[in-house]
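Let me begin by presenting the structure, written as structure tokens, before commenting on it.
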Amino acid sequence: SMAWAAVLVPNAAMMYGHHRGGTLVIVNAVLRTAGVYGLFTVPFIGLAMEKSFYDTALSMQGIDPCELAPDRKHEGFPSGGHLLPSLSLYPVKRV
């Protein structure tokens, strides 16, 4: 389905890019532009990209990533994504 493609295609592209040396290019670019301290931003950018993939996949399935299901209200860490802003690239498909 489309939701699977929203998750698999970007992750496959990142894996292929890493295999071809893309990670080294990114690290070198960050070091050239922002120095060593710029490397601290790389994990946060990666997490934002992952959240964007996940939120987009949920939205394509008609699930709002900002709503907490009533049966999951007592769950703790790590299920707190509903508290963060949605980074979906696709509006929630209302069915």
Side-chain angles (χ1 to χ4, degrees):
S1 76
M2 194 59 106
W4 280 99
V7 174
L8 293 178
V9 170
N11 282 304
M14 285 191 300
M15 289 175 58
Y16 180 73
H18 176 69
H19 175 71
R20 302 272 304 178
T23 304
L24 187 59
V25 170
I26 291 170
V27 169
N28 285 334
V30 169
L31 286 173
R32 270 195 318 275
T33 57
V36 175
Y37 296 109
L39 291 176
F40 289 116
T41 64
V42 174
F44 296 105
I45 293 169
L47 286 171
M49 289 171 53
E50 182 180 353
K51 179 157 174 47
S52 176
F53 300 152
Y54 183 73
D55 288 353
T56 300
L58 286 177
S59 295
M60 293 175 104
Q61 296 176 51
I63 302 168
D64 188 351
C66 294
E67 289 182 8
L68 178 63
D71 58 333
R72 299 184 72 180
K73 66 180 179 180
H74 297 296
E75 292 184 8
F77 182 82
S79 60
H82 66 283
L83 299 173
L84 300 171
S86 175
L87 299 179
S88 177
L89 304 175
Y90 186 84
V92 177
K93 181 170 101 176
R94 300 289 177 193
V95 287

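It should be emphasised that the depicted structure is a prediction, and the values quoted were computed from it without experimental measurement. Residue numbers start at 1 and run along the sequence shown.
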Legend entry - Lys93 NZ to Gln61 CD distance, which is reported to the nearest 0.5 Å: 9.0 Å
Inset, instruction - Rounded to the nearest 0.5 Å, what's the gap from CG on Asn28 to OG1 on Thr33? Could you check? - result: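 If I round to the nearest 0.5 Å, the distance is 10.5 Å.
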Legend entry - side-chain hydrogen bond (donor to acceptor under 3.5 Å, both in side chains) partners of residues 6-20, not counting sequence neighbours, each pair once: His18-Thr23
Inset, instruction - Would you mind listing every side-chain hydrogen bond (donor to acceptor under 3.5 Å, both in side chains) that reaches into residues 35-46, with sequence neighbours excluded? - result: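 Found none.
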Legend entry - Co-members of the apolar cluster containing Phe53 [side chain, <4.5 Å]: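 Reading the cluster by chain and number, Phe53 sits alongside Met14, Ile45, Met49.
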Legend entry - Hydrophobic cluster partners of Val9 (side-chain heavy atoms under 4.5 Å):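 For Val9, no cluster forms, as it stays isolated from other hydrophobic side chains.
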Legend entry - Transitive ILVMFWY side-chain link Val42 to Val36, under 4.5 Å: yes
Inset, instruction - Please list all pairs passing the salt bridge (Lys or Arg N to Asp or Glu O under 4.0 Å) test where one or both residues lie in residues 24-52, with sequence neighbours left out. - result: Lys51-Asp55
Report, one line per pair, each donor and acceptor closer than 3.5 Å where one atom sits in a side chain of residues 83-92; sequence neighbours left out.
residue, atom, partner, partner atom, Å
Ser86, OG, Ser88, N, 3.3
Ser88, OG, Ser59, OG, 3.1
Ser88, OG, Tyr90, N, 3.1
Ser88, OG, Tyr90, O, 2.5

